[in-house]
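Fair warning: this is a prediction, and the values are worked out from it, not measured in the lab. Protein chains get the first letters and strands the later ones, always in sequence-line order, with residue 1 at the start of each. The basis for the numbers below is simple: all heavy atoms, side chains too, and nothing from hydrogens, waters or symmetry mates.
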Amino acid sequence: MPELPEVETTVRGIKSIESSVIERIDVFNPNLRWPISNDLSFFLDNKKILSVYRRAKYIIIKCSNAHLVIHLGMTGKLVFAKPKDTLKKHDHMQIKFANSDQVIRYNDPRRFGSAHLVKNKLEDFRLLSNLGIEPLAEEFDGNFLFTKARNRNVPIKAFIMNHHIVVGVGNIYASEALFLSGVRPSIPARRVTRKKMEVLVKNIKYVLSIAIEKGGSTISDFMNTKGEQGYFQIDHQVYNREGQPCNQCGAKIKKIIIGQRSSFFCSSCQC
DNA sequence: AACAAGACCTGTAAGC
DNA sequence: TGCTTACAGGTCTTGT
């Protein structure tokens with residue numbers, strides 16, 4: 001469950017582990033995108049969790065002596081369970097908390113996710129050090145995006161999904177934000193006007209915020225595992241609606257491939 | 001520096 | 001029913 005709102009929902013869902021002590025970490029299957037470090041347990045057992053937060057789509061668990069950084073990839077999930085619950089297929093690791101019969105398990109069928117032990121400065125960690133701005137930050141505005149887009153010929157959709165520019169805009173919300181902005185996903189980034197960039201930024205913030213709100217509404221169910229519920233509540237205007245009528249004008253939604261990713265748009269509303 | 005394409009995996013649904 | 005194929009929410013790495 002990977003787009004930014006789902007990651008944010010996950011972070012909020014596990015926020016309660018802050019100030020808990022990790023009793024032990026068990027790695028059942030280290031094979032993720034990168035192998036899980038085998039000294040995770042050595043460094044983090046009996047350490048206190050100071051805070052849990054998100055940067056881009058990374059979940060950061062700050063412990064007293066190091067950071068545990070988790071990415072959910074395409075299909076990763078963090079779910080609460082009881083220690084005696086039987087392991088599920090694709091459970092890769094488990095964090096057990098002291099004085100509690102609660103564990104968090106990381107499950108990831110496609111293994112595009114990862115988990116890292118960061119012992120040194122977090123800012124220097126190679127996967128975090130070159131990231132762009134947070135989409136919900138105030139400094140992310142029309143001027144910022146317009147300026148960054150000078151001399152950039154990539155399609156605007158690929159541009160807003162480039163996390164060296166802005167992080168956390170995934171394939172679904174890129175299509176949705178472009179539709180709401182009346183901007184065709186295939187046009188070169190440099191050709192989007194300043195005014196359109198302002199609208200686009202507002203809509204990126206809008207779709208992500210709404211999705212976080214909706215995901216947030218299922219947080220109480222989160223511990224019961226139904227993590228994906230929030231995701232499917234969201235009404236998509238264009239995503240995955242090829243051939244169906246546009247909700248604004250009735251024209252058929254089209255699908256094209258941009259940067260090897262499916263992209264959906266209305267050729268009448270978006271130019 | 002910028003961009004395109006390849007790579008990593010399994011599960012599911014559609015097509016034959 | 002069973003086999004084959006296409007495709008899926010991400011992003012790092014390699015090659016032009």
Taking the basic N atoms (NZ, or NE/NH1/NH2) and the acidic carboxylate oxygens, is any pair closer than 4.0 Å for [X] and [Y]?
X	Y	value
A:Glu134	A:Arg54	yes
A:Lys82	A:Asp101	yes
A:Asp26	A:Arg105	no

Check your understanding: What about the rings of A:His92 and A:Phe28, do their centers lie closer together than 6.0 Å?
Key ->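 No, ring centres 6.0 Å or more apart.
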Review point. Does B:dC9 have a Watson-Crick or wobble mate here (both distances under 3.5 Å), and if so which one?
Key: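 Check on B:dC9: unpaired, no WC or wobble geometry under 3.5 Å.
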Exercise for review: Give a yes or no on whether a donor-acceptor pair under 3.5 Å exists between the nucleobase atoms of B:dA2, that is its base, and the side chain of A:Arg152.
Suggested key: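 It does not, because no donor-acceptor pair links the side chain of A:Arg152 to the base of B:dA2 below 3.5 Å.
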Side chain of [X] - closest among [options]:
X	options	answer
A:Gln260	B:dG6, C:dC12, C:dA8	B:dG6
A:Arg126	C:dT13, B:dC3, C:dG10	C:dT13
A:Trp34	B:dT10, B:dC3, C:dT13	C:dT13
A:Phe112	B:dC9, C:dA8, C:dC12	B:dC9
A:Tyr239	C:dT13, C:dA8, B:dA4	C:dA8

Exercise for review: Could you work out the separation of B:dG11 and C:dC12 based on their P atoms and round it to a whole Å?
Suggested key: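 Per the computed distance, 24 Å lies between those P atoms.
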Exercise for review: Take atom P in B:dA1 and the same atom in C:dT11, then report the distance between them in whole Å.
Suggested key: 23 Å
Check your understanding: Taking CE from A:Met74 and P from C:dG10, how many angstroms apart are they, rounded to a whole number?
Key -> 6 Å
Practice item. Return the value, rounded to whole Å, for the distance between atom OH of A:Tyr58 and atom P of C:dG10. Key: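 The answer, rounded to whole Å, is 13 Å.
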Exercise for review: Please check the phosphate of B:dT10 (OP1 and OP2 only) for any side-chain N or O of A:Arg111 closer than 4.0 Å.
Suggested key: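 Answer is yes, contact under 4.0 Å.
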